[in-house]
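Read the structure below first, then the notes.
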Protein chains: 4
Amino acid sequence: MPKAIDQKDKQLKKQHILDSAEAVLRRQGLNKLSISAVAKEARLAQGTLYLYFKEKEEIIAQLTVRSRKRLLQLFHDSINAADNPLEQIRNILYASHTFFKENKIFHDLVSFYEVNAEQEEPQELQQASQNISALVVSVLDRAKTQGLIRSNLNATEFTYMIWGMSNGMVQLVDLRGKMLEKDLNKSPDEVYTSFVDFVIEGMKPTNPA
Amino acid sequence: MPKAIDQKDKQLKKQHILDSAEAVLRRQGLNKLSISAVAKEARLAQGTLYLYFKEKEEIIAQLTVRSRKRLLQLFHDSINAADNPLEQIRNILYASHTFFKENKIFHDLVSFYEVNAEQEEPQELQQASQNISALVVSVLDRAKTQGLIRSNLNATEFTYMIWGMSNGMVQLVDLRGKMLEKDLNKSPDEVYTSFVDFVIEGMKPTNPA
Amino acid sequence: MPKAIDQKDKQLKKQHILDSAEAVLRRQGLNKLSISAVAKEARLAQGTLYLYFKEKEEIIAQLTVRSRKRLLQLFHDSINAADNPLEQIRNILYASHTFFKENKIFHDLVSFYEVNAEQEEPQELQQASQNISALVVSVLDRAKTQGLIRSNLNATEFTYMIWGMSNGMVQLVDLRGKMLEKDLNKSPDEVYTSFVDFVIEGMKPTNPA
Amino acid sequence: MPKAIDQKDKQLKKQHILDSAEAVLRRQGLNKLSISAVAKEARLAQGTLYLYFKEKEEIIAQLTVRSRKRLLQLFHDSINAADNPLEQIRNILYASHTFFKENKIFHDLVSFYEVNAEQEEPQELQQASQNISALVVSVLDRAKTQGLIRSNLNATEFTYMIWGMSNGMVQLVDLRGKMLEKDLNKSPDEVYTSFVDFVIEGMKPTNPA
DNA sequence: TATGAATGAGCGTTCATTCAT
DNA sequence: CATGAATGAACGCTCATTCAT
């Protein structure tokens with residue numbers, strides 16, 4: 001099966017280029033993510049990159065997909081690390097923060113598609129996002145079944161809310177870390193923990209009057 | 001005092017250039033925000049811009065400052081439009097959303113600072129942010145005094161949380177509007193309202209057992 | 001004689017590559033006639049083409065030779081289709097036009113040699129051209145012998161003139177077709193017919209005074 | 001009138017760049033007519049060229065217009081150099097040849113617009129071509145009025161024919177000069193003269209029977 | 001203070017050609 | 001013989017910045 005081996009080689013090379021692109025991205029940011037920088041990082045000629053990717057934007061797209069897939073894996077791990085659905089949600093929220101701290105730069109990529117309206121989000125990226133979403137919804141449904149959270153809480157809607165709120169929070173605590181220390185005498189992690197507590201508490205059923 | 005007058009003239013010219021830059025930004029987006037485009041919009045020579053701003057990035061920085069100041073004003077208005085501190089918070093949250101919808105393009109500028117780590121956030125921008133923050137803290141303090149929110153809620157910390165969560169939510173509902181419609185059959189505004197309700201409810205004191 | 005067979009194989013492969021190149025040329029034009037496109041069309045690796053042709057320009061040269069040979073064949077047919085030498089000339093002139101209409105794209109190749117002065121016209125191309133020339137000369141000689149054209153008309157020279165004038169005319173009527181329609185209300189074919197009539201009439205002996 | 005002076009300066013610079021482009025074109029041909037080559041020839045930075053021309057193709061367009069205008073001037077001179085309309089036509093035909101010998105390379109530019117179907121011929125070029133055409137038509141009309149040429153000869157149509165035939169001939173005698181010498185023992189100029197004689201004779205009224 | 005012509009490095013992309021296998 | 005991955009120079013074009021006036 002020589003064909004299969006070649007395909008594998010090609011995939012490995014693609015991964016090597018993506019690794020190089022990711023290294024440049026982390027080191028220099030999206031604005032400096034040029035083909036020439038990636039080629040130099042990968043120790044390849046510029047033209048070679050075009051044997052593996054049709055255009056620069058395909059590289060960027062693949063980077064976002066990689067990132068999203070890693071996050072999905074983290075969410076899976078978060079769920080496996082606990083039995084109680086509420087604890088699973090808590091783990092997921094913490095995982096978001098952990099992930100963001102290590103992958104802050106990837107948020108630029110996601111917003112890349114927002115800024116460039118003419119650019120379609122790659123299908124794979126949408127799929128990965130939906131997988132993440134479905135995963136969280138399922139946890140919320142289980143929590144509701146077990147009476148751990150309010151019954152009038154719409155699982156799908158709240159999934160979006162968790163996604164939005166945590167995204168905002170991880171950006172905030174990271175970006176304003178110094179300010180937090182000064183104003184609050186709390187670390188970013190502590191503030192994020194307060195946020196998680198707030199969300200989890202808010203989900204629980206209210207005491208019957 | 002001709003010096004003072006000159007200074008004023010200089011400020012006016014700076015504002016004129018910033019107005020032009022903002023017009024270009026809104027019309028063409030960050031990618032097309034070139035010095036030549038701004039100069040043409042301002043009916044000035046390109047070189048002239050460099051008499052007022054050291055470099056292009058300084059213009060961008062000033063644009064974000066302006067944006068932040070406008071948001072501060074909106075928050076002031078939100079507070080003035082209600083007496084009840086909780087309603088004031090609610091208004092502030094809605095104002096964030098409104099502001100984002102009308103100034104979405106400025107978020108590109110903010111991420112600009114995240115990407116260019118070497119670029120310091122201008123002092124003025126930090127000051128504006130702190131003013132906003134102080135304003136919200138004062139509202140929360142009043143709410144606590146009046147017993148409208150839980151007493152163990154740290155006003156400063158919760159101000160940061162409001163800031164972070166709402167930022168995340170406005171981005172989400174705006175950018176994923178179509179997805180919300182499809183998955184939830186709810187409009188972005190409706191989902192945002194759910195978020196606001198969640199936050200407001202979460203602040204209230206729990207019923208005594 | 002395995003050697004001879006190999007040679008034949010090699011020739012077949014060359015023809016296959018030239019067929020592919022011609023297909024690309026007709027479909028995409030000279031600008032898109034890249035080695036990679038030809039290789040893909042021929043279902044061969046790019047490097048393989050270099051086993052049969054020293055460089056891209058050699059492929060182009062061979063294409064022009066093919067084209068010229070086809071034209072020669074058309075001229076043969078034109079002559080066979082009539083007995084009267086004058087009618088044979090007329091047929092040849094029409095054949096030039098027909099050929100041009102169907103092979104317009106090849107004229108780009110010819111001008112290729114004009115532009116690249118360092119590039120020698122291949123010997124084979126010159127030979128094909130001379131064959132065409134000799135053929136027309138023989139027809140003109142016969143016409144002269146039969147008293148159908150002026151006796152002071154130099155057959156070789158007039159062959160060149162026919163060649164030059166008709167080449168110019170086919171280019172003109174084809175490329176300026178729309179202009180002809182507008183200015184003259186005549187189709188390209190009609191104008192070309194006028195040209196042919198002019199040439200044929202001009203060849204005939206003048207009436208004796 | 002400082003504005004007028006500036007405009008004149010700009011025009012001079014444009015002409016300088018066009019001169020440089022023409023020099024490159026004559027020396028290296030259309031394929032090598034790159035922006036970098038023109039910039040080097042003009043002793044300017046590449047970017048500077050874009051202050052005067054929107055894109056490379058605008059430079060090419062202007063070159064063709066220049067060339068066509070020169071030809072128009074040559075035709076005017078040809079007409080002024082003789083009184084008899086037939087001699088004027090003869091002069092025009094000779095002028096075409098003279099012009100072609102010195103401007104052979106410009107034929108590539110004209111065909112540039114033919115090959116790149118998506119490229120529109122610049123309006124100015126069309127205008128110049130029409131001026132040339134109108135000029136020749138007027139000479140032919142005068143010749144007809146004076147009974148110097150056949151009355152059934154359509155002036156407009158024959159103008160196209162002159163244009164087409166002579167274009168073809170000048171290309172031929174130039175390109176096949178050596179062959180002419182060898183086969184005919186005639187120089188290109190002599191063959192072209194035969195062509196001109198043939199055309200002029202063919203225009204004259206036939207002897208009444 | 002104001003100009004705007006000029007710069008030149010940088011961009012993404014293409015493609016003829018080479019060469020280790 | 002045949003491959004096809006790799007090269008690297010070249011392309012047209014953009015734009016932040018400088019500087020002589």
Side-chain angles (χ1 to χ4, degrees), chain A residues 2 6 9-10 13-14 17 31-40 42-60, chain B residues 6 9-10 13 17 31-40 42-60, chain C residues 6 9-10 13 17 31-40 42-60, chain D residues 2 6 9-10 13-14 17 31-40 42-60:
Chain A
D6 286 351
D9 264 16
K10 182 148 187 171
K13 206 86 170 211
K14 268 189 149 178
I17 292 171
N31 287 336
K32 299 275 179 66
L33 183 63
S34 64
I35 289 292
S36 77
V38 176
K40 188 179 283 182
R43 295 178 175 278
L44 289 171
Q46 293 196 48
T48 306
L49 270 58
Y50 287 85
L51 297 177
Y52 298 92
F53 300 93
K54 188 174 129 283
E55 55 193 358
K56 183 193 173 186
E57 288 177 0
E58 193 179 327
I59 295 179
I60 293 177
Chain B
D6 286 1
D9 268 11
K10 183 152 185 168
K13 205 94 168 203
I17 292 171
N31 287 336
K32 298 272 179 69
L33 183 63
S34 64
I35 289 292
S36 74
V38 175
K40 184 182 280 184
R43 296 176 174 279
L44 289 171
Q46 294 192 51
T48 307
L49 270 57
Y50 284 83
L51 298 174
Y52 297 92
F53 298 93
K54 189 175 128 279
E55 55 192 356
K56 184 190 172 186
E57 296 189 352
E58 195 180 325
I59 295 179
I60 293 177
Chain C
D6 285 1
D9 267 11
K10 184 153 185 169
K13 205 94 168 205
I17 293 171
N31 287 336
K32 298 273 180 68
L33 183 64
S34 65
I35 289 293
S36 75
V38 175
K40 184 182 280 183
R43 296 176 174 279
L44 289 171
Q46 294 192 50
T48 307
L49 270 57
Y50 284 84
L51 299 174
Y52 296 92
F53 298 93
K54 188 174 130 281
E55 55 191 357
K56 184 191 173 185
E57 296 189 352
E58 195 180 324
I59 295 179
I60 293 177
Chain D
D6 285 351
D9 265 16
K10 183 149 186 171
K13 208 85 170 210
K14 268 189 150 178
I17 292 171
N31 286 336
K32 300 276 179 65
L33 183 63
S34 64
I35 289 292
S36 78
V38 175
K40 188 178 285 182
R43 295 177 174 281
L44 289 171
Q46 293 195 45
T48 306
L49 270 57
Y50 286 86
L51 298 177
Y52 298 91
F53 300 93
K54 190 174 129 283
E55 56 193 355
K56 183 192 171 185
E57 288 176 1
E58 193 179 326
I59 295 180
I60 292 177

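So you know, we letter chains A, B, ... as the sequences are listed, proteins then strands, and number each from 1.
- Pairs of Watson-Crick or G-U wobble type, with distances under 3.5 Å, assemble into runs of 3 or more in DNA chain E at these ranges: E:2-21 with F:2-21.
- At a threshold of 4.5 Å between non-hydrogen side-chain atoms, the residues I17(C) and T48(C) do not count as touching.
- Between the side chain of K40(A) and the backbone N or O of Q46(A) there is no donor-acceptor pair closer than 3.5 Å.
- Taking atom CD1 of I17(B) as the reference point, atom C1' of dT1(E) lies 12 Å away to the nearest angstrom.
- Contact check for I59(C) versus I35(C): side-chain heavy atoms found under the 4.5 Å cut-off.
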Completion exercise
Expected string for nucleotides 13-21 of chain F under the B/S/- scheme (protein heavy atoms, under 4.0 Å, primed atoms plus P, OP1, OP2 as sugar-phosphate) is BB-SBB---
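- In terms of position along DNA chain E, the nucleotide closest to K13(B) lies nearer the 5' end than the nucleotide closest to the other residue of the pair L49(D) and K13(B).
- Note that the OH atom of Y50(A) and the CD atom of E55(A) stand 8.5 Å from one another [nearest 0.5 Å].
- Relative to the six-membered ring of F53(D), K14(D) meets both conditions, a distance below 6.0 Å and an angle of at most 45° to the axis.
- Closest approach to the Y52(B) side chain among dT7(F), dT1(E), dG4(E) is made by dT1(E) (side chain taken as heavy atoms from C-beta onward).
- If you find the closest nucleotide of DNA chain F to L44(C) and to R43(A), the one lying nearer the 5' end belongs to L44(C).
- Atom NZ of K40(C) and atom P of dG4(F) are 13 Å apart (whole Å).
- Looking only at side-chain heavy atoms (C-beta outward), L51(A) and K10(A) stay at 4.5 Å or farther from each other.
- Between the side chain of K13(D) and the backbone N or O of L49(D) there is no donor-acceptor pair closer than 3.5 Å.
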